[in-house]
*Asks:* 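Below is one structure. I have some questions about it.
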Amino acid sequence: MKNDKIKNKALLRRLFLVFLVLVLYLGVSYYNKTATNKTFEKVKVTKVVDGDTFYVGPDKVRVIGINTPEVGENEEELGEEAKIRAEELILNKTVYLKTGKELVDQYGRNLRYVFLVDPKNVSNIDEKMLRESTLEGVLLDEGLARCYFFKPNNEYEETFRKFEDEARKNKMGMWSISDEGTTRGN
């Protein structure tokens, strides 16, 4: 009888261990799928730091693909204009965030593309939509941002570089001040 209890306890421990391994495996598998999932997260922007950084509640978000002139202590020309334009487009509004392949930068900021309209209502994410319905596209088109890509987060790089080139050619925003723009590019 005593041996049966010991065997039952050992069997229960083994079953628990198998169950624990299975739960961990499924959890890791789920995380890997969601981390690379190309779905959109609907959020409300609560604070704009500058043209390429904002908050959703306590979470800081860095926009993928652009860099805008700095504001504050190290202010660069057109920095305040880029921040104001970003505020007009996203502050206290619902936006749709799309993850890139890398989720967080070295400073702990969430890396996201920013869509101004619900992409589910659009049959195709094409050049027109990227230009008119993303924060990146609008700021690049108006010369208030320059392209700023790091692999592997470069899904729309070719299209965004086209917008920057057109703004440069048309002397929009920072490109009307200097051929080099007004931001350090970092």
Side-chain angles (χ1 to χ4, degrees), residues 24 26-76 78-122 125-127 129-142 144-161 163-164 174 181 183-186:
L24 286 172
L26 292 174
V28 168
S29 177
Y30 175 76
Y31 173 78
N32 286 337
K33 286 179 185 173
T34 58
T36 57
N37 193 348
K38 296 295 182 179
T39 60
F40 294 86
E41 181 182 5
K42 181 179 176 180
V43 299
K44 185 173 182 180
V45 175
T46 55
K47 178 182 178 184
V48 172
V49 176
D50 60 22
D52 56 42
T53 308
F54 60 90
Y55 281 88
V56 174
D59 299 322
K60 197 171 195 178
V61 177
R62 174 63 166 87
V63 181
I64 297 174
I66 63 169
N67 190 44
T68 61
E70 300 302 319
V71 296
E73 195 173 301
N74 298 317
E75 188 159 337
E76 296 171 312
L78 295 180
E80 195 59 36
E81 289 83 347
K83 178 183 178 183
I84 290 168
R85 186 64 173 126
E87 287 174 337
E88 291 171 357
L89 293 167
I90 65 173
L91 183 59
N92 296 319
K93 295 183 181 169
T94 298
V95 297
Y96 301 83
L97 303 181
K98 181 180 179 186
T99 60
K101 291 180 181 172
E102 187 175 64
L103 303 178
V104 179
D105 71 6
Q106 63 188 5
Y107 306 108
R109 299 176 297 188
N110 296 295
L111 299 172
R112 302 292 186 269
Y113 295 100
V114 182
F115 286 76
L116 306 174
V117 299
D118 188 350
K120 292 177 197 161
N121 296 333
V122 178
I125 297 177
D126 59 8
E127 184 178 311
M129 181 185 191
L130 290 173
R131 181 185 305 270
E132 297 173 1
S133 300
T134 64
L135 178 63
E136 300 91 315
V138 172
L139 294 179
L140 286 166
D141 201 47
E142 295 176 5
L144 294 173
R146 69 176 337 129
C147 285
Y148 189 62
F149 283 94
F150 289 96
K151 290 182 180 180
N153 286 345
N154 61 334
E155 182 174 356
Y156 303 118
E157 183 173 4
E158 185 178 321
T159 304
F160 286 166
R161 289 205 183 278
F163 301 160
E164 180 184 305
M174 71 173 73
T183 182
R184 296 183 302 274
N186 57 8

*Asks:* Strictly distance-based, threshold 3.5 Å: is any side-chain N or O of Thr46 a donor or acceptor partner for the main-chain N or O of Gly57?
*Replies:* yes
*Asks:* Checking Arg112 side chain against Leu103 main chain: does a donor-acceptor pair fall under 3.5 Å?
*Replies:* yes
*Asks:* Ignoring hydrogens, what is the shortest heavy-atom contact between Arg146 and Leu140? Give both atom names and the distance.
*Replies:*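 Arg146 and Leu140 have their closest heavy atoms at C-CD2, 3.6 Å.
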*Asks:* Looking at CG of Leu116 and OG1 of Thr94, how far apart are the two atoms once the value is rounded to the nearest 0.5 Å?
*Replies:* 11.5 Å
*Asks:* Does the side chain of Asn67 pick up a donor-acceptor pair with the side chain of Arg62 at under 3.5 Å?
*Replies:* yes
*Asks:* Taking Glu164 for its side chain and Cys147 for its backbone only, find out whether a donor-acceptor pair lies under 3.5 Å.
*Replies:*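 Yes, the answer is positive, given that a donor and an acceptor are paired below the 3.5 Å cut-off.
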*Asks:* For Phe163, does its backbone N or O pair with a side-chain atom of Asp141 as donor and acceptor, under 3.5 Å?
*Replies:* no
*Asks:* Ignoring hydrogens and geometry, is there a side-chain-to-backbone donor-acceptor pair from Glu76 to Glu70 under 3.5 Å?
*Replies:* yes
*Asks:* Report yes if some heavy atom in the side chain of Leu130 is under 4.5 Å from a heavy atom in the side chain of Phe160; otherwise report no.
*Replies:* yes
*Asks:* Taking all non-hydrogen atoms of both residues, which atom of Leu78 and which atom of Met174 are closest, and how far apart?
*Replies:*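 Where Leu78 meets Met174 most closely, the heavy atoms are CD1-N, 3.2 Å.
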*Asks:* In sequence, state the C-alpha distance, the side-chain angles, and the governing distance for Tyr96 and Lys120, and then conclude on side chain to side chain contact (heavy atoms under 4.5 Å, CB included).
*Replies:* CA-CA 10 Å; Tyr96 301 83; Lys120 292 177 197 161; over 6 Å; no
*Asks:* Do side-chain atoms of Glu80 reach the backbone of Val71 as a donor and acceptor pair under 3.5 angstrom?
*Replies:* no
*Asks:* Applying side chain to side chain contact (heavy atoms under 4.5 Å, CB included) to Asp105 and Phe150, what does each step give before you reach the verdict?
*Replies:* CA-CA 10 Å; Asp105 71 6; Phe150 289 96; over 6 Å; no
*Asks:* Determine whether more than 12 heavy atoms belonging to other residues, nucleotides or ligands lie under 6.0 Å from atom NZ of Lys93.
*Replies:*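 Yes.
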*Asks:* Does any N or O in the side chain of Tyr156 come within less than 3.5 Å of the main-chain N or O of Gly137, such that one atom is a donor and the other an acceptor?
*Replies:*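 Judged by distance alone, no pair lies under 3.5 Å.
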*Asks:* Give a yes or no on whether the backbone of Val104 and the side-chain of Asn110 come within a donor-acceptor separation of less than 3.5 Å.
*Replies:*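 No, Asn110 side chain to Val104 backbone: no donor-acceptor pair under 3.5 Å.
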